[in-house]
Amino acid sequence: MTSPDTSAPARPVAPERYNAKETEPRWQQAWEAAGIYATKNDDTRPKYYVLEMFPYPSGRIHMGHVRNYAMGDVVARYKRARGFNVLHPMGWDAFGLPAENAAMERKVNPRDWTYANIATMRGQLQSMGLSLDWSREIATCDPDYYKHQQRMFLDFLEKGLVTRRTAKVNWDPVDHTVLANEQVIDGRGWRSGALVEQRELTQWFFKITDFAQDLYDALDGLERWPEKVRVMQKNWIGRSEGLEVRFVVEAPPPGIAPDVKVYTTRPDTLFGAKFLAIAADHPIAASLASSRPGLQSFIEECRRTGTAQAAIDTAEKLGFDTGLKVRHPLDPSWLLPVYVANFVLMDYGTGAVFGCPAHDQRDLDFANKYGLGNTPVVCPETEDAATFVITDTAYDGDGRMINSRFLDDMTPAEAFDAVANRLEAEVLAGTPVASRKVQFRLRDWGVSRQRYWGCPIPIIHCDACGPVAVPVADLPVKLPDEVSFDVPGNPLECDHAWRNVPCPTCGAPARRETDTMDTFVDSSWYYARFTAPWLQDAPTDRKAVDQWLAVDQYIGGIEHAILHLLYARFFMRAMQVTGWSGVSEPFDGLFTQGMVVHETYKDAAGAWVQPADIRITAEAGERQAFHVKTDAPITIGAIEKMSKSKKNVVDPDDIIASYGADTARWFMLSDSPPERDVIWTEDGVQGAARFVQRVWRLVSLAAATTGGASANDAGLRKAAHKALASVEEDVERLRFNRCVAHIYTLANALDEALRGGVEAGVAREAAGILTLLVAPMMPHLAEECWQALGREGLAAQAAWPVADRSLLVEDSITLPVQLNGKKRADVTVPREADKVEVERLTLADEAVQKALEGRAPKKVIVVPGRIVNLVV
RNA sequence: GCGGACGUGGCGAAACCGGUAGACGCACGAGACUUAAAAUCUUGCGGCCGCAAGGCUGUGCGGGUUCGAGUCCCGCCGUCCGCACCA
């Protein structure tokens, strides 16, 4: 026997190190075997639907997924522990261009490529230990999913929510396809690099504008959405209130309409009008083109600059005087010139504006260029109306009306109403001169894509009958299995066997629609499908949809703030019209998480180097990087979003293999607030890994201790219940970084108590609470701890502990004492002491007396439980 | 240009309704244990002065309100994000 070590305090022998590699798969199997994450619709507990944005099956998961799904899983596990019937499903946003690119580059079938990726990524997600109901898994490229989407397309068509019309689109002449605006970079196709053309194509549209007002108004009710996202959607929908005014054309030439309609939000400034400007595509411009020399080429020039998005920023305001004159609506004797101008858009308002140079910068630039002058009609309160002039900066603020006849001295708002009232009452050729209008910036949603790997639009084109809906009984219109990308463009167009079908109405030879739907359609209703994904003959079950929706907590990236989240809101409304849903808003709570960012590294040649190849030294606080293989010095660059091109990526598989899923999850949830970016660092991961070991060690020690009653008992109990109450509060608000801090604090308290001696039952209670607090974040570790503590069942099924609030109130409290706002002393008073008592105890305090230096305070401010401030 | 968010130690951050600024973690320093390393433990850590007790100062900058301001108000500076010829 060796002599006892007197230098170190007596402690039980440390347990074996926690081995995540061994425990994690074991517990994943245990959960799977117990089937505890499969959710039933017939369950009497209150429902809670938590959903993370489903991934595109690109091949492998990345750290952004880990962060996103770790957050969702914390919520799901927490709510389950709180007694909710939790729906937490997962699926695949599986249609899209990368599959076609892979098909072209690697000669694989897009379907095979996609399903192989899904298999890989499903395995990766399962290795994270997420509490997902895999029995509800869906893939949008599965005919069992998209046949319902086709059905809804036909329903929308029947209800007038789908139209077909020609529209200008971005056309890539090399790839033979339409590009979304986001896919056009500096006027070129993002993949081919070809100059994008504007083409008129016949397209299918979802009439999202039918719901513009409601989509706008309902944003105010989405209180659990980030303010930022609501503002972005409001700006995107772009509601404005104005007046549509008719300007009568003086002596109209043949073929020219008798008046020009103008939409304006500033009818109050009408007396400052100097010109009218119409779009290059305006019917009047087209009619005049042949009779006005130079106009045709000007129109063409406008169209060219219109295509190059980047050029718009710097484009000069250009106009062409048509020679046409219109009469001022408030004074028929006042004639205004009509220009064709390159800054007027045909698809907003009426395609014509009146120019008021004094109060609109763009109009002023234009007027100054063409010598049209300006007349200020709104005078700021700080200026003298007699001397107020505008030279090269327009004034768009508030003030008083001047130079405006019957409007003089009114505010612009009053003038707006006065003009609107007068012109609405005035009738010309049977109709009022003006009418109030609400305008939206939002355009209808063009869903036609000239691609193979998407949901086929269920329409058959017949020469005699026109576009005919595919009968519901014939759905799905399945994509052909065999596909060739040898010919540029959409392979469906060349697949005659697939394309040529008889007309469902007359039986004559006809052709299938070869366009497929925008993949944003697929993701617009998947959350509704999750409520009853087993249904074969209908997209949704009304009972299930109304039971589960809205999603209580939706979590995803801010990049979907507008498109996906707006389309989904539209879709719910359209599904309400067609009877597939009883609710209009899909997501009650929305959380947009930050990105995962990492340092970048470059070698001497300027090539990016991946973190796995870097060795960092920190001598005297100076961080230096070297290549692991060559030892060559490496430059440490900016911290940026993880991206393949900059090679600053860390593969979740590597982290899970070397540290375990719990470590990766814990690190993703600690440090940064969830809405902010988190910096991935090797030090941070190691810190997380150390904490995993620490929890295991502490819980094991607590399980093994035989300590009797101790002075530390009350303190530890208090710490445990305090941590419990705090974590509860913060997890409800998704403040995971704060939860982490509370858990660390409890771990410190438990550590100290075990070291100083603590009663065994108290230690085990605290360890049990620690285990359950950790469980939503590190579920595998929690199971292992739960078992070590000898508790029944699975930690994943354990009820959330109840915080004993009586432990949280202190018997006595220590208040800071300030002298003229500066802290000078602390005073300890009984919890129930009233103001008078606190004041008495404060003034009796030795340190306070010393600080007062014999002075008597003029005023004593006591904020119970907070502070005492003495004013001398 | 329009709209929004943010600015706190070496770093990530915390601070509720205006009430002890820097909880918690990372990094770093000193020490213990070790043949050594890792792990673990003790301890220090905004700045300045001081052996210490303690004092002064400090939340981007300048003002203001208040007994009291990181927090509220006014004016700047800076960073990031979104939209952008929207009439």
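- Atom C1' of G70(B) sits at a distance of 14 Å from the matching atom of G9(B), rounded to the whole Å.
- The separation between Ile679(A) atom CD1 and A13(B) atom P is 7 Å, rounded to whole Å.
- In this structure, of C81(B), C24(B), C26(B), it is C81(B) that holds the atom nearest to the side chain of Lys228(A).
- Comparing atom distances between the Pro816(A) side chain and each of U20(B), C85(B), C67(B) picks out U20(B) as nearest.
- By the 30° and 60° cut-offs, the orientation of the rings of His328(A) relative to Phe271(A) is parallel.
- U40(B) atom C1' lies 12 Å from atom CG of Leu698(A), rounded to whole Å.
- Nucleotides C11(B) and G47(B) are separated by 12 Å at their P atoms, to the nearest Å.
- Side-chain atoms of Asp683(A) lie closest to C26(B) of the nucleotides U20(B), C26(B), A87(B).
- Arg443(A) places a side-chain N or O within 3.5 Å of a backbone atom of Phe440(A) that can act as its donor or acceptor partner.
- Using a 4.0 Å cut-off, no side-chain N or O of Arg441(A) falls inside it from OP1 or OP2 of C83(B).
- G9(B): glycosidic angle within 90° of 0, hence syn.
- For Val871(A), counting side-chain heavy atoms from C-beta on, the closest listed nucleotide (C67(B), C24(B), C85(B)) is C67(B).
- A close approach under 4.0 Å does occur between a side-chain nitrogen or oxygen of Asn737(A) and OP1 or OP2 of A14(B).
- Remark: Tyr263(A) is not in phosphate contact with A87(B), judged by side-chain N or O atoms under 4.0 Å from OP1 or OP2.
- Environment of NZ in Lys261(A): sparse, with no more than 12 heavy atoms of neighbouring residues, nucleotides or ligands closer than 6.0 Å.
- Taking CG from Leu219(A) and CG from Leu566(A), the interatomic distance works out to 8.0 Å, rounded to the nearest 0.5 Å.
- Here the options are Tyr339(A), Phe343(A), Phe298(A), the test is side-chain contact (heavy atoms from CB on, under 4.5 Å), and the partner is Leu318(A); only Phe298(A) passes.
- When the side-chain nitrogen and oxygen atoms of Arg735(A) are compared with OP1 and OP2 of C16(B), none of them lie within a distance under 4.0 Å.
- With hydrogens and angles ignored, no donor-acceptor pair under 3.5 angstrom links the side chain of Lys858(A) to the base of C67(B).
- Checking Gly238(A) against Glu227(A), the closest nucleotide of RNA chain B that is more toward the 5' end is the one next to Glu227(A).
- When distances run from any side-chain atom of Val863(A) to the nucleotides G19(B), C86(B), G25(B), the shortest one goes to G19(B).
- We find that CG of Asp671(A) is positioned 13 Å from C1' of A14(B), with the value rounded to whole Å.
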Any protein N or O atoms within reach of nucleotides 53-60 of chain B? Criterion: under 3.5 Å, listing atom names and distances.
unit_1, atom_1, unit_2, atom_2, d
C56(B), OP1, Arg824(A), NH2, 3.2
U57(B), OP2, Lys822(A), NZ, 3.4

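- Note that NZ of Lys274(A) is 14.5 Å distant from CZ of Phe366(A), once rounded to the nearest 0.5 Å.
- Phosphate contact (OP1/OP2 of A27(B), side-chain N/O of Arg690(A), threshold under 4.0 Å): present.
- Classified by its glycosidic torsion, C11(B) falls in the anti category, the angle being over 90° from 0.
- At whole-Å resolution of the value, CE in Met232(A) and C1' in C81(B) are 8 Å apart.
- Distances shown here put a side-chain N or O of Asn748(A) below 4.0 Å from the OP1 or OP2 atom of G25(B).
- Residue Arg697(A) places at least one side-chain N or O under 4.0 Å from the OP1 or OP2 atom of C41(B).
- Among all heavy-atom pairs drawn from Gly242(A) and Tyr263(A), the shortest one is N-OH, 3.2 Å.
- No donor-acceptor distance shorter than 3.5 angstrom exists from the side chain of Glu839(A) to the backbone of Asp834(A), with no hydrogens or angles considered.
- Looking at which nucleotide of RNA chain B each of Arg266(A) and Ser672(A) is closest to, the 5′-most match is held by Ser672(A).
- With rounding to whole Å, Asp826(A) atom CG is found 13 Å from G19(B) atom C1'.
- Separating the C1' atom of A27(B) from that of G44(B) is a span of 14 Å, rounded to the nearest Å.
- Side-chain nitrogen and oxygen atoms of Arg676(A) include at least one within less than 4.0 Å of the OP1 or OP2 phosphate oxygen of A13(B).
- At a threshold of 4.0 Å, the pair Arg735(A)-Glu728(A) does not count as salt-bridged, since none of the basic side-chain nitrogens sits closer than that to a carboxylate oxygen.
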